[in-house]
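Worksheet: the structure to be examined is printed underneath.
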Amino acid sequence: MNKIRIMTVTIGLSLSILIVISIYSSKHFWKSIDEAASTPSQAIVMNNAPVPSIHPAESQEVEGKANPQVIPKEPQERKPVTPAVTTVPQVQQAVPQAPTKSLPIATQAPSPNKEEPTPIAETPEPAGTVPSTTNEDPLSGETHVNLDQKQIEQVVAAWNQAVKDSNSMPAWQQKADNMLVAASNYLGTPYVFGSKVGQTASFDCSSFTKFLFAQEHIKLPRSSREQSLLGTDVPLSDLRQGDLIFFTTPARSKKEGLDHIGHVAIYAGDGLIVHTFRPGIGVTISELNGSWKKRVVEVRRVLV
């Protein structure tokens with residue numbers, strides 16, 4: 001701001017000096033004009049009337065010639081002299097600009113890494129290879145919890161044959177056979193607790209039973225405890241294919257009522273169950289004996 005004030009004062013002084021010089025030059029100019037007009041060689045203007053002047057050539061004529069011809073000279077129009085006006089350049093006052101804030105450059109946030117669904121295994125893990133110590137696992141800490149690969153292949157072959165021969169069977173048997181064959185197509189599918197219904201990249205126990213029954217147009221609730229309220233109660237000694245078997249878990253063993261239930265499986269006949277219950281194994285086939293039978297809470301029959 002101090003620099004701007006100094007510049008403004010300097011320009012004002014310069015303008016004042018130029019105006020004084022212009023006035024002085026104008027007075028000196030008119031004074032010179034007046035002095036030049038008072039000399040004999042110039043015509044004297046009186047009462048605004050021009051005085052005729054004699055050309056030099058005519059003044060050399062013979063003396064005594066009567067009435068020498070005088071040719072009046074046209075008066076020259078005096079043009080007013082306009083004093084020179086010096087144009088002073090306008091100084092534009094610099095307006096200080098407010099400091100601009102540098103805005104951060106928007107960068108695209110890296111997209112979060114989406115968890116890729118675990119590929120479905122072509123064959124289930126052999127029995128006894130994936131132990132678990134989770135309290136929600138029905139057989140927590142045990143390793144021999146399902147059939148080995150060769151046994152599973154034999155069971156699946158029997159299921160496929162049963163479907164071919166089930167045309168003469170009752171409706172419930174045909175539905176059970178169809179569900180078991182459908183289950184064989186998802187053997188090894190990863191177990192993920194809370195898996196979303198409507199997708200087949202992963203299952204938990206109740207979403208798997210819900211999915212299989214939906215293939216036969218039977219709607220089951222989402223949780224194993226809600227599913228235990230459907231159908232009719234059946235004794236363990238009267239099991240048939242398609243029955244729902246409910247188990248407890250170490251975390252629920254001391255609870256009562258519905259809270260005592262923590263797992264569900266489908267009875268597949270011949271003392272076998274098809275289900276999913278442990279990460280690393282996924283959908284598999286197990287024998288309903290020993291530790292599994294000890295965990296049974298109840299059996300419900302939905303297929304009729």
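Note: hydrogens, waters and symmetry copies are ignored here, and every other heavy atom, side chains too, is used.
- Counting only heavy atoms from C-beta outward, the side chains of V274 and F208 approach each other to under 4.5 Å.
- Within the 4.5 Å cutoff, the side chain of M179 has heavy atoms near those of the F213 side chain.
- Judged by distance alone, the side chain of D137 and the main-chain N or O of L139 form a donor-acceptor pair under 3.5 Å.
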- Message: Quick one, E298 with I261, criterion side-chain contact (heavy atoms from CB on, under 4.5 Å). Give me CA distance, side-chain angles, the key distance, then yes/no.
- Response: CA-CA 9 Å; E298 64 177 323; I261 296 173; 3.5 Å; yes
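- A donor-acceptor pair shorter than 3.5 Å cannot be found between the side chains of S166 and Q174.
- No donor-acceptor pair closer than 3.5 Å links the side chain of K175 to the backbone N or O of E216.
- For S195 and S202, the side-chain atoms include at least one donor-acceptor pair closer than 3.5 Å.
- The side-chain heavy atoms of Y267 and L239, taken from C-beta on, include a pair separated by under 4.5 Å.
- Looking at V156 and L180, their side chains never come closer than 4.5 Å, going by heavy atoms from C-beta outward.
- Residue pairs meeting the side chain to side chain donor-acceptor pair (under 3.5 Å) criterion with at least one partner in residues 225-236, sequence neighbours excluded, are T209-Q227, S223-E226.
- Distance alone, capped at 3.5 Å, is enough to place a donor-acceptor pair between the R295 side chain and the P138 backbone.
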- Message: As a quick check of understanding, evaluate ring pair (Phe, Tyr, Trp, His ring centres under 6.0 Å) for F211 and F203, giving each step before the final call.
- Response: CA-CA 9 Å; F211 170 75; F203 295 105; 5.5 Å; yes
- Item | Full working for side-chain hydrogen bond (donor to acceptor under 3.5 Å, both in side chains) between Q173 and D177 | CA-CA 6 Å; Q173 181 69 63; D177 290 339; 3.0 Å; yes
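- Q199 contributes a side-chain N or O that, together with a main-chain N or O of K196, makes up a donor-acceptor pair within less than 3.5 Å.
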- Message: Test side-chain contact (heavy atoms from CB on, under 4.5 Å) on F277 and T284; report intermediate values, then the result.
- Response: CA-CA 9 Å; F277 65 98; T284 190; 4.1 Å; yes
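- Formation of a donor-acceptor pair under 3.5 Å by the R301 side chain with backbone atoms of G231 is not found in this model.
- Side chain to side chain, H263 and T248 fail the donor-acceptor criterion of an N or O pair below 3.5 Å.
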- Task: Could you check D243 against I266 for side-chain contact (heavy atoms from CB on, under 4.5 Å), going step by step and ending with a plain yes or no?
- Result: CA-CA 6 Å; D243 286 345; I266 296 176; over 6 Å; no
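- The CZ atom of F247 sits 15.5 Å away from the OG atom of S253 when rounded to the nearest 0.5 Å.
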- Given side-chain contact (heavy atoms from CB on, under 4.5 Å), test T276 with T189 step by step and report yes or no. CA-CA 9 Å; T276 181; T189 300; over 6 Å; no
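- Between V299 and L244, every side-chain heavy-atom pair lies at or beyond the 4.5 Å cut-off.
- Once rounded to the nearest 0.5 Å, the distance linking CZ of R300 with CG of L229 reads 7.5 Å.
- Between D204 and R222, at least one side-chain N (NZ, or NE/NH1/NH2) sits under 4.0 Å from a carboxylate O, which counts as a salt bridge.
- V163 places none of its side-chain heavy atoms less than 4.5 Å from the side chain of W159.
- Of all heavy-atom pairs between V283 and A183, the closest is CG1-O, 4.3 Å.
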- Query: Please walk me through it: do W292 and H275 pass ring pair (Phe, Tyr, Trp, His ring centres under 6.0 Å)?
  - Reply: CA-CA 12 Å; W292 279 113; H275 59 159; 4.9 Å; yes
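- Residue H144 holds its NE2 atom at 9.0 Å from OG of S286, rounded to the nearest 0.5 Å.
- Across every non-hydrogen atom of L187 and I285, the tightest pair is CD2-CG1, 4.1 Å.
- Here the closest non-hydrogen pair linking W172 and L303 is O-CD1, 3.9 Å.
- Under the 4.5 Å side-chain criterion, counting only non-hydrogen atoms from C-beta, E136 is in contact with R252.
- Interatomic distance, F193 CZ to C205 SG, rounded to the nearest 0.5 Å: 8.0 Å.
- Counting heavy atoms from C-beta on, the side chains of P221 and L230 come closer than 4.5 Å.
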